[in-house]
Amino acid sequence: MSLCKPFSAKFPAVLFAFAAMPVSANMRAPIHIERASSELRAMPANLRVLNEVLEFRCPKAYIGKPDFKALAERFCTVRVLYRVSAGTAAQVNLVFVFAGNGAVVWKHGGKSFRSTPSALQLPEKKACTYCPDDVKRVNSAEQKIELTAGINEIEVNYDQALSYDESGHSYFSDGSWWQGFSYELWPIAEWQWAPDFSAELTFSVAARSGFLGIGYADDSLKCRIAENGDHTDLLLNVGKVSGGRRTARARISLKKRPQRLFCSYAAD
C-alpha cells in the first residue's frame, strides 16, 4: 500500500486480500526515521577539557498512527555544558551540527550568543524519503568564543529532533514507537583532556497519565554507547516521576576515540 494515498482509496482491494492471504501480506513496511547525530566541532586549541554535562528534556512517548508532520515537529530541548581550562586568554571557533530546528544559543562569561544555523543536505540514504524536507537536513551553527585564562564554561542550547522506529502495527491496531536521539561524545578530542574526564547525563521524558488519569503510565528508557562498532548498555538510574517528568541519570566514562551516545524511549 502506498503511503501517498489514503486508506479508503484501496479499501475494496484490501478486503479481497484479507480473504485470499494472511493479513500481513499486503501490509506496509514499518516506519523508520533516522535523524543525524548532534555534535560540537572545534579547531585544535591549547585547552584542557575538565568535564561535560548533557541534559535532554524530551516530550512524552508517541502513541498512535504515523503522522509525519507531528513526528517532525517533536523535539527534545537540550543543554550541553563544557568546563574547560585555558592557560591564557584565547579565541576559539566552535561549530555545532545538529538535527533540529531553530537557533543555537551559546552562553559564556555571563553573556548569551544566538547563532542562526545554515542547512546541510544529507545523502538521501540517510533520510526518510517520504518525510518532510526538514527531516532530510542537518543544521550547522557557528560561534566565536573569547575564553579567559583559567576555568571557563561553554554552554550550548538547542532543540534536538527525534528518530523513530515503529513495530507491531497492522490494519486493525496501531504500532509501538521507539523514539530517541544520538550525540557524538568525542569530537573535541583535539583538545587536551583531564585524566578523569567524564560526562554527566540527565535524560528526562514527560510522563503520561495513567489509567483514568490516576498516577502515571510506565515508559521504558534506555541508553547505550557505540564505540568502534561495539555497543554497551549504559546503566541508568531512573527515578520516580517528579514534576511531571520521568528522569534517568548516568555517568559516562569518555575516551579519546569515536564514542556515540544513543538514548531512546517508548510507552510500555
Keeping the roles fixed (side chain from [X], backbone from [Y]), state whether a donor-acceptor pair exists under 3.5 Å.
{"X": "Asn152", "Y": "Gly150", "result": "yes"}
{"X": "Ser220", "Y": "Asp268", "result": "no"}
{"X": "Gln179", "Y": "Tyr62", "result": "yes"}
{"X": "Arg48", "Y": "Trp193", "result": "yes"}

With a 4.5 Å limit on heavy-atom distance, are the side chains of [X] and [Y] in contact?
{"X": "Leu81", "Y": "Ile154", "value": "no"}
{"X": "Arg83", "Y": "Val53", "value": "no"}
{"X": "His108", "Y": "Leu147", "value": "yes"}
{"X": "Leu234", "Y": "Phe262", "value": "no"}
{"X": "Arg251", "Y": "Ser253", "value": "yes"}
{"X": "Leu185", "Y": "Ile252", "value": "yes"}
{"X": "Gln143", "Y": "Val104", "value": "no"}
{"X": "Lys222", "Y": "Trp178", "value": "yes"}

Do you reckon [X] sits in the same ILVMFWY cluster as [Y], going by side-chain contacts under 4.5 Å, direct or chained?
{"X": "Ile225", "Y": "Val80", "result": "yes"}
{"X": "Leu47", "Y": "Val156", "result": "yes"}
{"X": "Phe113", "Y": "Val92", "result": "yes"}

**Request:** Might you confirm whether atom CG of Asn93 has over 12 heavy atoms from other residues, nucleotides or ligands at distances under 6.0 Å?
**Result:**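 Correct, the count exceeds 12.
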**Item:** side-chain hydrogen bond (donor to acceptor under 3.5 Å, both in side chains), paired with Arg260, selected from Glu227, His231, Glu184
**Value:**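 Only one of Glu227, His231, Glu184 forms a side-chain hydrogen bond (donor to acceptor under 3.5 Å, both in side chains) with Arg260, namely Glu184.
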**Request:** Show your working on side-chain contact (heavy atoms from CB on, under 4.5 Å) between Thr77 and Asp159 and close with a plain yes or no.
**Result:** CA-CA 5 Å; Thr77 57; Asp159 292 340; 3.7 Å; yes
Identify the heavy atoms of [X] and [Y] that sit nearest to each other, and give their distance.
{"X": "Val205", "Y": "Ala61", "result": "CG1-N, 4.3 Å"}
{"X": "Gly239", "Y": "Arg246", "result": "O-CG, 4.2 Å"}
{"X": "Arg245", "Y": "Cys58", "result": "NH2-O, 2.7 Å"}
{"X": "Ser112", "Y": "Lys107", "result": "OG-CG, 3.6 Å"}
{"X": "Glu52", "Y": "Leu254", "result": "OE1-CD1, 3.5 Å"}
{"X": "Trp177", "Y": "Gly64", "result": "NE1-O, 2.7 Å"}

**Ring centres under 6.0 angstrom apart (Phe181, Phe98)** =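 So the answer is no for these two rings.
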Return the [atom1] to [atom2] distance between [X] and [Y], rounded to the nearest 0.5 Å.
{"X": "Leu54", "Y": "Arg249", "atom1": "CG", "atom2": "CZ", "result": "13.5 Å"}
{"X": "Arg224", "Y": "Asp233", "atom1": "CZ", "atom2": "CG", "result": "8.0 Å"}
{"X": "Arg79", "Y": "Arg57", "atom1": "CZ", "atom2": "CZ", "result": "12.0 Å"}
{"X": "Tyr82", "Y": "Leu94", "atom1": "OH", "atom2": "CG", "result": "9.5 Å"}
{"X": "Cys76", "Y": "Glu55", "atom1": "SG", "atom2": "CD", "result": "13.0 Å"}
{"X": "Tyr265", "Y": "Leu162", "atom1": "OH", "atom2": "CG", "result": "5.0 Å"}

**Message:** Determine whether Cys263 and Phe56 satisfy the following criterion, side-chain contact (heavy atoms from CB on, under 4.5 Å), listing intermediate values before the conclusion.
**Reply:** CA-CA 10 Å; Cys263 288; Phe56 296 87; over 6 Å; no
**Pair Asp219 + Arg208, salt bridge at N-O below 4.0 Å** =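 Salt bridge between Asp219 and Arg208, a charged N being under 4.0 Å from a carboxylate O: yes.
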**Item:** Given Leu235, Thr232, Leu236, the one that forms side chain to side chain contact (heavy atoms under 4.5 Å, CB included) with Cys223
**Value:**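 Going through the options one by one, the only one that passes is Leu236.
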